[in-house]
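For ligands, and for the atoms within them, numbers begin at 1 and follow the listed sequence. Keep in mind that this is a model prediction, so the values were computed, not measured.
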Amino acid sequence: VKNVLTIDVEDWYHTADLNLDANRWHEYESRVEYGVNNILEVLSTKNVRATFFILGYIAKEKPHIVRKISELGHEIGSHGYWHRMVSLQSVTEFKEEVEASKALLEDITCKKVRLFRAPSWSIGAKSLWALDIIEELGFTCDSSIQPFVTPLSGMRGAPTFPFYPVINGRRLGIIEVPSTVLKVGGLHVPFSGGLYLRVLPFSFISYALKRVNRNRPGMVYVHPWETDPEQPRIFKTPICRFTHYYNLKTTLHKLKNLIHSFEFFTLGELVESGDFPSVEIYQ
Ligand SMILES: [Zn+2]
C-alpha cells in the first residue's frame with residue numbers, strides 16, 4: 001500500500017488561525033519559497049513525488065515557485081486563491097476565485113489542473129454545494145473534507161476513505177479524498193498532517209499510518225511554513241501560539257522519517273488506481 005503526500009502551498013500569513021487582513025499581506029515578510037525549498041530538498045533524497053496544492057495568490061506573486069515544483073515532476077493542484085473558508089463564501093465568490101486560481105496554475109505549468117483542496121478543510125455539511133462547483137470547473141478530485149469536527153471545520157460522520165460523493169441522489173463525477181484519520185472504536189483520531197503531525201511523536205504517527213494501511217492508503221499533509229521556525233510571530237489569539245507555532249522544528253524530521261519508512265505516490269495516481277465506492281452524504 002502506498003500513501004499520498006500533499007503540500008498546501010501558502011505563506012505563514014495566509015492561515016485561518018492568524019486571520020490577517022488580505023489588504024495587509026504585502027507588508028509581511030514572505031517565507032514561502034524557503035519553506036517550499038525545505039520540502040523539495042527532503043523529497044529529492046528519496047525521489048518522492050508529491051501533490052502540491054498551491055494558493056492562487058502565491059502563483060500570481062511568485063510564479064517561479066510553481067514552475068520549479070512542476071518542473072521537478074511533482075503534481076499541482078489548486079488551494080483556492082485567497083485562502084478564504086468555503087463556508088464563509090457565496091457560490092459566486094467561490095466559483096470565481098477557484099476558477100481564477102486554476103487558470104493561473106494552468107497558464108504557468110501548461111498542464112491541466114484536476115485536483116482541489118479547500119483552505120482549512122472547509123468543505124462541510126453546510127457547504128456541500130462547493131463540490132458541484134468543483135466538478136463543474138473540471139476537477140476530477142477534491143480533498144477538502146475532514147471526517148472529524150474542529151472549531152474551524154470538519155464534517156461529522158463523513159467517510160474516512162476515498163469515495164464518489166452522492167448528493168441528493170446524484171453521483172458526482174469527482175472523487176473525494178478526505179483527510180486521513182485513525183479509527184479507534186467510533187472515534188476518528190487525526191494524526192496525518194498539520195498541527196497533529198507536529199504535536200504527536202513520530203512513533204505514534206508511524207503506528208497509526210501502518211494501521212490505516214492495513215486496508216487503505218493514507219494521506220499526509222504539511223505546509224511550507226510548518227518547516228520554518230524562524231518565521232515572524234504574530235500572536236493574534238492565545239490559542240494560535242499553540243496551533244500555529246508549536247513544534248515547528250519537528251516537521252522536517254518527521255517528513256524525512258515518513259518518506260524513509262513508507263512508500264508514496266501522488267493523489268492523481270491514487271485517483272487513477274481504481275474503484276471507489278459511492279457514498280451518499282447529507283447537508
Ligand atoms: Zn491552507
Side-chain angles (χ1 to χ4, degrees), residues 4-22 25 28 30-36 38-39 50-62 65-66 69 74-89 93-94 97-98 100-102 104-105 113 115-124 127 130 134 139 141-148 150-155 176-180 190 192-199 219-228 231-232 234 236-237 239-240 242-246 248 251 255 267:
V4 173
L5 180 58
T6 62
I7 321 294
D8 294 354
V9 180
E10 62 206 31
D11 225 316
W12 62 272
Y13 50 80
H14 293 137
T15 61
D17 55 358
L18 296 183
N19 195 23
L20 298 168
D21 185 351
W25 284 354
Y28 304 120
S30 175
R31 306 274 301 177
V32 66
E33 190 162 7
Y34 171 76
V36 166
N38 284 340
I39 291 169
T51 302
F52 288 72
F53 290 105
I54 305 179
L55 203 61
Y57 181 86
I58 299 284
K60 180 79 179 163
E61 299 292 313
K62 301 181 184 296
I65 296 180
V66 181
I69 294 169
H74 299 290
E75 201 169 64
I76 308 282
S78 164
H79 194 38
Y81 200 102
W82 293 105
H83 212 269
R84 286 187 295 213
M85 304 282 288
V86 177
S87 37
L88 300 178
Q89 288 181 271
E93 286 168 341
F94 177 73
E97 79 152 78
V98 174
S101 78
K102 185 174 190 283
L104 199 50
L105 292 168
V113 169
L115 312 164
F116 180 77
R117 172 168 296 152
S120 315
W121 302 96
S122 60
I123 296 183
S127 47
I134 291 161
F139 293 93
C141 173
D142 176 65
S143 180
S144 309
I145 291 182
Q146 182 176 256
F148 60 95
T150 68
L152 213 55
S153 50
M155 187 174 167
E176 174 62 39
V177 182
S179 71
T180 296
S192 62
L195 175 63
Y196 311 105
L197 190 91
R198 279 183 280 134
V199 168
M219 181 169 63
V220 170
Y221 67 97
V222 295
H223 304 88
W225 55 265
E226 290 186 292
T227 72
D228 181 12
Q231 67 190 273
I234 293 182
K236 212 49 194 309
T237 63
I239 194 119
C240 76
F242 177 69
T243 58
H244 195 103
Y245 302 109
Y246 184 73
L248 291 173
T251 309
L255 191 59
L267 189 57

Worksheet item: For Tyr221, which of Phe53, Trp121, Tyr196 qualifies under ring pair (Phe, Tyr, Trp, His ring centres under 6.0 Å)?
Response: Trp121

Worksheet item: What N/O/S atom of His79 gets nearest to the Zn ion (ligand 1)?
Response: NE2

Worksheet item: With the Zn ion (ligand 1) as the point of reference, which N/O/S atom of Glu10 is the closest?
Response: OE1

Worksheet item: Hey, does the side chain of Ser192 reach the backbone of Thr180 with a donor-acceptor pair shorter than 3.5 angstrom?
Response: yes

Discussion item. So that I know where these two stand, are Trp225 and His244 an aromatic pair - ring centroids less than 6.0 Å apart?
Written reply: yes

Worksheet item: Has His14 got an N, O or S atom lying less than 2.8 Å from the Zn ion (ligand 1)?
Response: no

Fill in: Pair Arg84 + Glu97: basic N to acidic O under 4.0 Å
yes

Worksheet item: Hey, is the Zn ion (ligand 1) within less than 2.8 Å of some N/O/S atom on Asp8?
Response: no

